[in-house]
Every structure is written in structure tokens, then in C-alpha cells.
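So the structure is just underneath, and the comments pick up after that.
So that the names make sense, note that chain A is the first sequence line, chain B the second, and so on, each numbered from 1.
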Amino acid sequence: MIEVQLPDGAKRELPDGASPMDLAEGISKSLAKKALYARVNGKDWDLVRPLPGDAKVELVTRDQAEGLEIIRHDTAHILAQAVQELFPGTQVTIGPAIEDGFYYDFARDEPFSTEDFEAIEKRMADIVDRDLPFVREVWDRNDAIRHFESIGEKYKAELIRDLPETEEITIYRQGDWIDLCRGPHLPSTGRIGKAFKLMKVAGAYWRGDHRNAMLQRIYGTAWANENQLKEHLQRIEEAEKRDHRKVGRQMGLFHMQEEARGQVFWHDGGWTLYRTLENYMRRRLQAENYQEVKTPMLIDRTLWEKSGHWEKFGENMFTAQTEDGEVLALKPMNCPAHVQIFRTGQRSYRDLPLRMAEFGSCSRYEPSGALHGLMRVRGFVQDDAHIFCLENQIEDETKAFIDLLTSVYADLGFDDFIVKFSDRPETRAGDDATWDRAEKALRDATAAAGVEVIMNPGEGAFYGPKLEFVLRDAIGRDWQCGTLQVDFVLPDRLDAEFTGEDGAKHRPVMLHRAILGSFERFIGILIENYAGKFPMWLAPTQIVVATITSEADGYALEVEKALKVAGLRAKADLRNEKINYKVREHSLAKVPVIAVVGRKEAEEKTVALRFLGEEGRNQEVMALDAACEKLSGEATPPDLKRS
RNA sequence: GCCGCAGUAGCUCAGUGGUAGAGCGCGUCAUUGGUAAUGACGAGGUCGAGAGUUCAAUUCUCUCUUGCGGCACCA
């Protein structure tokens, strides 16, 4: 007999050789039905795999997030089986579970098309119906390599060859189809269910390396039941409606066109939003004792050579040549220019920390495939700043920065964001002791600021560790917005120095930091976050004065004027249209407030206010001057509201 | 940059080897209507660009270009 202990502490006796499935069946029929796999002494374990002896056993069911991961992984396996049944000669590679689904990478000369999906899905359903047991087998490493090579699966053979010698080679069999896999899997294909759907095909490099062959990746989604699948598809549909490219067009905020790839034509509405954001940031920075500067966009290559950008970043820089052969580059970053300002005159340790900010226009020749609406552009403006400081000021400056960033994000509607901590890369400048200190300073500062970080090992810049502040777009894609990077290298390369307490010259440390990242990307995220329904202070048009009859035209213009004098972005709509039409149109245009004026309001000098999306607040009738005061209060930017 | 898919009116989209159509929007006229679409009429397209096949190409083929989805990239 063996004794198993359940998560709640309860103990049960089972005969030798019993499996987690036997355990589940012993507890209840429904549990046995819902169970997908087990965790035995903390290790993932197939339900039908005999227990190793006395053990702590936890059963994972369909309702649990971890269970879903296994369903997705299993679905990837049946996708691979279905594809190989339908398209002989296709090689399989890898197929993991990912957020919301799974993918599988195939090697095949002919491209897959979404038109193949129906047939593949049908075959997958068929494999589920076959209810093939997943059988775990431990193979000899060389036998496995020989086997996969003999059937032409060179990618699988390569995978096995690269597994550490100590690793057990496990193969899972489903019917006559086998795959190299760590497991665990469900007892049989029938348990997967049919709440899956293939979503898209895409190219993907073997092992994520662009020097390798391009494989064909099929993405799919899979859920515990049909209902979850339906909800997921609906969520995607809803999210697509928030796409900033779509909303931006509908609201006339900006456009882009062929002749200026990756650059933005800001229209009146979008530029109003942009300037509102810029003014807000300027106030926030001023309050934190930043100075603001403006530096040239075109700078001679010699400076970029000195800074190291020409060598490291030259591929991504736009250049211009003068008639006498001088080569200039559009700045991809502001840092070298800021060092030039720092270098003018004498700097003392008393001047540090010196916080130099710029809304800096940068240009980068981004790879064509990377361009994406406002999120990834070739011409953009960073809310950039460089903090020149002493090494022992890094921690305080970082803490202050994180506090500022957190407050700005909260003002802009983002309470949740991810912080990634990228530490020393393999090739780096600076000695290990310096890196130790820099990383510790950053870690301590994040802890002091109370933010949790996700480690991103080896991804730091060559000149220092960095923090990345990541926001998520409507479709779940992550975008780095804020950043803070510690730099010991550039001050040295560009010869920045200050006089220390000791009277000697020293190198300052530079902190490169941005909160929004770029106005373009951040506005893209902002549009998606609010689905275009901006809070009053950000809305391009804050209020429309809509007339019911032309008799109220004169009064409507009076109202518009009064609202404008009160600092509001108001527009009068005197068109010869019904009020229903106007309300609908401006509501769809996401104008936060509509002031309706008819004969009655004109006589009484009142306005009837209608608030977007706030059913309970509809129809507040008030005197014009009271409305001006109330609305300008509501339209006050959050930082000014606090002060 | 790589793989795949796509480009038809301002927008969303239908369609065809014989030079195009809808809805919305736009314009004109009528209507002055109290909180999510008033009606009638009208204008508007080198069917992304170039080349090829063909008696004939928006439609088929190729190249380019841009967009979309991924991958790679994001110093």
C-alpha cells in the first residue's frame, strides 16, 4: 500500500502501482472526470502514470488555470498530428501553450493558408473523437535520435541532441503518432474537448534566430469549454474595436501615408490631445526640478562616432549629406546632445543631480516589418531626460522617478503596469563591482518604491542595467513605455565631468529615463485604454453646444464663447439637423459633454447638459455661468486639481 | 529585414476577362424637429503603381509599393 496526502492534509491509502486517476476515482466520479493531470511531490504527473510510492498528490482540474495550460498543450499535439495526417512530409518542431492558446511550428515547403484551417480543425475534432490514450514512454536518447532521423524529422532529432545528457527522453504516443515531449498530458485525446479554434498562420524562425530557416507557425486558442471559447472570441472582437488605428481614423486624430512611412500627420484633434499631454508632462517635470532644453535634430557624424552610436546604431540612423561632403545624422536619441549641454561651463558636485529634460524629436530607421500604427514609428518625440548624478544618488533618483512615473500613469488611467529589470548582459562595459553597485541601487530603489519587478536576465544595455515599464494594448500586446537606464559609459566617452568635493575632476553617472517613452506610442496606448472615450481633461473636444432650433443659434454661440472663455474646448453645432441626430453623432464621436440649447434655454439662459456614458447623469439643466464653472472644474487636469 | 495575407468612392465593404456597385459620409433642396439616424435629389472611382498574357485586364501572371498578422529587431 502507498499513502498519499492531499493538499488539504487528508491522507488516503492506495494499492501499490495506483495512479492519480485511481485516487480521483476513489474520491468522486465527478472529480475523476474533471481531473486533467496531477502534481506529485510538486512534479507534474500524468493521471494514468503510476505513483512512485508515498507522495503528496494534488489533482489539477479543468477549472484551474494550470489545467487550461495542459489542455492547450495537448491541443497543440493534436494540431501537429492532424497536420501530419493531412499534409504528409510536413516536419514538426515545437508547439507550446501560450497565453490564451498555443502554437505549433511546422517545416513544409508549401505555405499553409487560413483556408486549410477548416480541414485541419475537422481532423483535430476527429482525433478527439478517436479518444486516443496519451502514452508516456521513456526512450534511449540515441534510439530517439535515430528514430526521428529515420522518419525525416530532423528538427526533433536536433532538439533531442541538444537536451542535457541528464535529461530523461520522454515520448508521448497518441495512437500511432508520437512526439518528443516533457509532458504531462491528459489521459486521452477525448478529454481535450473541442473548445479550440485555429487563429492565424505566421512565419517564425527556427529557435527564434533570424539566421535559421523560416518555419510556419499555426496559432490556435483552446479553452476548457465552448462557452469560454465563445467569450474569448467576443473579447477579441471587442478589443479590435479599440484599435488605436481604427479609433484614430474614426475620430480624425491623425493619419499616416505612404510618402512618410512610420511618421504621423497629427490632425487638430490628435494634436490637441498631444499638446494637452505635453503640457501636463511639462508641469510634472517642472515640479520635480527638471530643467527643459531643446537640442538639434541634425548632428554631424563625428559626434555620433564619439558617442559610439555610429558604430552600434548606425544601421538605424537616417543620414543627410551636404554638398561639401559633410555627413549629418538625424538624432535617434537625445543623450549625446544633453551631454554637450552638460559639458558647457564648469559643473560642480553641488549641481548634481542635474535633471535635464527634452521633448526630443528622434528619428530611427526601424525595420519595415516593425512599424505598427503609432506604437512603432520612425519619427517620434520622447519625453526624455538625463539625470547627471553621483553614484550614491542613483537609488534616490530612481525611487523619485518611479514615484513620479507611478503618479503620472495613475493620472492617465493606468494603475497596472509591468516592470522589467534587465541586468548585466554578457558583453558589457564597466567592471563587475560597478555593475554590482548599479544593480543593487536599482533593486533597492524599486523595493523602496514598492513595485514588483520581473527579472529579465542579461537584457540590460551594455552600459548599465535598466528598468522597463510596460503597458498592454487592447489586443494584449505589451509595449515598453517608461524606462530608466543607468549609464557609466557615455559620460566617459563624451568626456562629461564635474569638480568633486575633493577639488578633482570626476565622471557623473547618467540616468536615461522616460515616462511616456514616446508621445506617439503612449497616445496609441491611451486611445486603446479609453477606447477613444477620453476623460474630460484629455478629450480633444470637451463639449458641443447643440441647438434644437435655429432660433437658439445666437444663444448657442454665446454659450460656446462663454465655455471657451472658461478654458473649455467647445464647439457649437448649429446645423439644420434634428437634436436626435446631433446627440447621436456627437455621442459616437465620444464628446464627453453635449450642451443642448433650445428656445427654453435661450430664454432662461441655461444649458441642458448630457454626459457621455453616464446614464444616471443625463439631463442636468443649469444656468450658463454655473455650467461653465462646473465643467471647467471637471476638465481640470488631475495634477492641477490636486494643487 | 523574413514568412503569409490583403489594397475597389472620404469610411466600411460587395463584385466581374467586355473600363463598376451598396450603406454611411459629402453637396443641393425641403423640413425648425426637445436628447442615439427627417425626406428627396445629386456629385464622387486611372478598381495601390508598373510591366506581361489577351481582340479586351479592376479581374490572370510577374515586379514594386503600402497596409495587416506573426517572427526577428527595439541600441
Side-chain angles (χ1 to χ4, degrees), chain A residues 103 105 108 110-116 199-219 240 243 245-246 249-250 252 255-262 304 307-317 332-333 335 362 364-373 375-378 380 425 459-463 466 468 475 477 479-480 483 485 487 489-490 512 517-518 521 546-553 574-589 594-601 608-613 615 618-619 621:
Chain A
Y103 67 77
D105 286 348
R108 177 177 178 240
E110 290 279 296
F112 288 111
S113 109
T114 45
E115 277 154 39
D116 300 322
M199 303 298 284
K200 50 198 177 194
V201 273
Y205 297 107
W206 167 236
R207 299 197 147 171
D209 189 328
H210 69 278
R211 288 164 301 192
N212 290 340
M214 175 70 68
L215 305 172
Q216 295 187 63
R217 176 170 298 180
I218 296 181
Y219 282 94
E240 281 169 355
D243 190 313
R245 293 163 298 189
K246 195 172 186 151
R249 194 184 310 113
Q250 284 164 351
H255 89 271
M256 299 169 100
Q257 65 186 47
E258 276 192 40
E259 293 87 342
R261 287 195 71 190
W304 301 112
S307 71
H309 288 91
W310 192 262
E311 193 210 348
K312 285 220 57 146
F313 202 67
E315 296 267 291
N316 294 299
M317 285 159 72
M333 296 167 215
C335 19
C362 296
R364 298 179 189 177
Y365 186 73
E366 299 286 3
S368 57
L371 300 179
H372 183 94
M375 304 298 202
R376 190 80 181 267
V377 287
R378 287 179 173 164
F380 54 97
E459 293 295 312
F462 74 97
Y463 49 72
K466 65 180 182 188
E468 293 170 39
I475 321 176
R477 287 181 284 220
W479 297 97
Q480 183 199 307
T483 184
Q485 309 178 6
D487 184 356
V489 174
L490 200 60
H512 306 242
S518 83
R521 176 177 293 180
T547 52
I548 294 170
T549 113
S550 55
E551 286 172 55
D553 285 2
L574 310 183
R575 290 175 305 166
N576 178 10
E577 295 292 348
K578 291 192 170 178
I579 192 61
N580 286 319
Y581 182 88
K582 295 185 185 179
V583 165
R584 176 181 155 83
E585 200 176 71
H586 297 121
S587 299
L588 289 174
I594 301 172
V596 176
V597 296
R599 193 180 302 156
K600 199 169 136 216
E601 287 77 11
L609 301 179
R610 185 186 211 280
F611 297 86
L612 183 67
E615 303 308 321
N618 285 351
Q619 270 287 58
V621 182

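- Between A/Arg261 and B/U66 there is a side-chain polar atom (N or O) within less than 4.0 angstrom of OP1 or OP2.
- The side chain of A/Arg584 lies closest to B/A36 when the candidates are B/G33, B/C11, B/A36.
- Between the side chain of A/Arg376 and the base of B/C73, at least one donor-acceptor pair of N or O atoms lies under 3.5 Å.
- Dashed line: the shortest gap from a side-chain N or O of A/Arg599 to OP1 or OP2 of B/U32 is not under 4.0 Å.
- Contacts of A/Tyr219 with the nucleic acid, taken as non-hydrogen atoms under 4.0 Å apart, involve only primed sugar atoms and P, OP1 or OP2.
- Contact check for A/Ser307 versus A/Leu490: side-chain heavy atoms found under the 4.5 Å cut-off.
- Between A/Asn580 and B/U35 there is no side-chain N or O to OP1 or OP2 distance below 4.0 Å.
- Residue A/Ser113 places none of its side-chain N or O atoms closer than 4.0 Å to OP1 or OP2 of B/G4.
- Between A/Lys246 atom NZ and B/U12 atom P the separation is 8 Å, expressed in whole Å.
- Contact between the side-chain N/O atoms of A/Arg610 and the OP1/OP2 oxygens of B/A36 is found at a separation under 4.0 Å.
- Across the interface with RNA chain B, nearest-nucleotide mapping of A/Tyr365 and A/Ile548 shows A/Tyr365 to be the residue nearer the 5′ end.
- Between A/Glu577 and A/Lys582 there is no salt bridge, since none of the side-chain N atoms of the basic residue sits less than 4.0 Å from a carboxylate O of the acidic one.
- For the OP1/OP2 pair of B/G10 and a distance below 4.0 Å, the side-chain nitrogens and oxygens of A/Arg249 include no atom meeting the criterion.
- When each of B/C68, B/U66, B/A36 is scored by its nearest atom to the side-chain atoms of A/Leu612, the top-ranked nucleotide is B/A36.
- If you measure from atom CG of A/Leu371 to atom P of B/C68, you get 8 Å, rounded to the nearest angstrom.
- Look at A/Arg217 and you won't find any side-chain N or O under 4.0 angstrom from OP1 or OP2 of B/C3.
- We find that CG of A/Leu574 is positioned 17 Å from P of B/U32, with the value rounded to whole Å.
- Distance, A/Leu215 CG to B/A72 P: 11 Å, rounded to whole Å.
- Listed pair A/Lys200 / B/G70 meets the phosphate criterion, a side-chain N or O lying under 4.0 Å from OP1 or OP2.
- For the P atoms, the distance linking B/U65 with B/A72 amounts to 24 Å, nearest Å.
- When heavy atoms are screened at a 4.0 angstrom cut-off, A/Glu577 is found touching base atoms of the nucleic acid.
- Minimum atom distance to the side chain of A/Val583 is reached by B/U35, of the listed B/G1, B/U32, B/U35.
- The side chain of A/His372 places an N or O atom within less than 4.0 Å of a non-bridging phosphate oxygen (OP1 or OP2) of B/G69.
- Picking from B/C26, B/A72, B/G34 the nucleotide with the shortest atom distance to the side chain of A/Arg575 gives B/C26.
- Look at the C1' atom in both B/C74 and B/G17: the space between them is 47 Å, to the nearest Å.
- Here the separation of B/A56 from B/U19, taken at their P atoms, is 14 Å to the nearest Å.
- Note on A/Arg211: every side-chain N or O is 4.0 Å or more away from OP1 and OP2 of B/C71.
- Between the side chain of A/Tyr205 and the base of B/G1, at least one donor-acceptor pair of N or O atoms lies under 3.5 Å.
- Contacts of A/Ala461 with the nucleic acid, taken as non-hydrogen atoms under 4.0 Å apart, involve only primed sugar atoms and P, OP1 or OP2.
- Distances were taken from every side-chain heavy atom of A/Val201 (C-beta onward) to each of B/U32, B/G4, B/G34; the shortest belongs to B/G4.
- When heavy atoms are screened at a 4.0 angstrom cut-off, A/Gly208 is found touching the sugar-phosphate backbone but no base atom.
- Of the two residues contacting RNA chain B, namely A/His210 and A/Gly460, the nearest-nucleotide position lying further toward the 5' end is that of A/His210.
- The aromatic rings of A/His372 and A/Trp479 are tilted relative to each other, their planes meeting at an angle between 30° and 60°.
- A/Val377 has its side chain within reach of A/Met256: a pair of non-hydrogen atoms, C-beta onward, lies under 4.5 Å apart.
- Close to B/G34, at under 4.0 Å from its OP1 or OP2, lies no side-chain N or O of A/Tyr581.
- At the heavy-atom level, A/Ala546 lies nowhere under 4.0 Å from the strands shown.
- Between A/Asp209 and A/Arg207, no side-chain nitrogen of the basic residue sits less than 4.0 Å from a carboxylate oxygen of the acidic one, so the salt-bridge criterion is not met.
- A straight line from CE of A/Met214 to P of B/G1 spans 13 Å, rounded to a whole angstrom.
- The CD-P distance, from A/Glu601 to B/G33, rounds to 14 Å in whole Å.
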